[in-house]
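Encoded as structure tokens, the structure appears first; notes follow it.
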Amino acid sequence: MKKTFLISILTIFFLTACEEEGTLTGASWRLTGLADNETGQLIAPEESIRDTKINSPITISFTDTQATGTACVNNFFSLVKIEGDRLNISNIGATRKAGSNDMMKLEQHFFDTLIRANRFEIKKDVLTLFDEAGTKLMTFAENRLENTAWILTAVNDGDALVSVSADFPADIEFGKDYSVYGSDGVNRYFGSYTEKAGNAISFSNLGATLMAGPEEAMKAAEQFRTLLGKAAAFTISGATLKMKDENDNVILVFTEKPQPKAENTQEK
């Protein structure tokens, strides 16, 4: 009886640990907090910018030997050594684009802080980096949208959510480096998106091809793109993605696009 009870405790402990801890590699992480130079307190990176808005989120992705990502202005890359929860980042390099004074200062502060990282911890999709003394240096949130694809199933017509006809092939795909693209039902569109704390989202630089279609389809396509431009937040529940406006109204609903089945190459 005691043995069974002990095994149950260990099982619960193991499952709880699995729920809290994630994997450093194979995910895209977006910076949500960075230690301030003066106070040491973690602040959102956009709070450091005074003269202009950040062009793109600060992100990082890890492999077993490398880290790559986007800073305020430039893309960067570095060597990485991971041993358990220990982390060593070295030889940071970056592209050479120029930005505003505030953005360049924040970018350099990010690099200087990143190279001090000595340990990491992942709990509930939040990555925290610590220095050798155990002081928090940075926090990141996992980008859950990257490399996902969704089919439009409902739109808000101003009064209520209305199901979209199965014959209307509108969809959305989120690629690497915060790119977005898909079909509005008539034309292909493309652009970029920004994800911030609290599942906030915005789309920018949206462009589209110029093909014509039936009047009803053209109206539906225009409505879809208009609502996409109003998106201010998102939620993901299972296989459902919802976009909300600034008033927390659900304006677009998507269902996860089925992944194509791998071809069976075995000889029959």
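- The aromatic ring centroids of Phe224 and Phe168 lie 6.0 Å or more from each other.
- A donor-acceptor pair shorter than 3.5 Å can be found between the side chains of Ser204 and Ser192.
- Closest approach of Ile89 and Ser78 over heavy atoms only: CG2-OG, 3.4 Å.
- Side-chain atoms of Trp29 come within 3.5 Å of backbone atoms of Leu24 as a donor-acceptor pair (strictly under, hydrogens ignored).
- Side-chain contact between Phe254 and Thr148 is absent, with no heavy atoms from C-beta onward closer than 4.5 Å.
- Between Leu79 atom CG and Gln66 atom CD the span is 7.0 Å, to the nearest 0.5 Å.
- At distances below 3.5 Å, at least one donor-acceptor pair connects side-chain atoms of Thr113 with backbone N or O atoms of His109.
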Worksheet item: Could you walk me through whether Thr65 and Val80 pass the side chain to side chain contact (heavy atoms under 4.5 Å, CB included) check?
Response: CA-CA 5 Å; Thr65 58; Val80 168; 5.9 Å; no
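- The pair Lys230-Asp245 does not meet the salt-bridge criterion, since no charged nitrogen lies less than 4.0 angstrom from a carboxylate oxygen.
- Phe140 and Phe110 have perpendicular rings, their planes meeting at more than 60° on a 0 to 90° scale where under 30° would count as parallel.
- Using a 30° and 60° split on the angle between ring planes, Phe203 and Tyr193 fall in the tilted class, from 30° to 60°.
- In this structure, the side chains of Leu145 and Ile236 come closer than 4.5 Å at one or more pairs of heavy atoms.
- Using a 4.5 Å heavy-atom threshold, the side chains of Val180 and Leu206 count as touching.
- Atom-to-atom distance recorded for Leu137:CG and Asp112:CG is 11.5 Å, nearest 0.5 angstrom.
- A salt bridge is absent between Glu195 and Arg144: the closest approach of a Lys/Arg side-chain nitrogen to an acidic carboxylate oxygen does not fall below 4.0 angstrom.
- For the pairing with Val164, the side chain to side chain contact (heavy atoms under 4.5 Å, CB included) check across Ile151, Thr153, Val155 returns one residue only, Val155.
- In this structure, Met243 and Leu227 have side chains that are not in contact, with every pair of non-hydrogen atoms separated by 4.5 Å or more.
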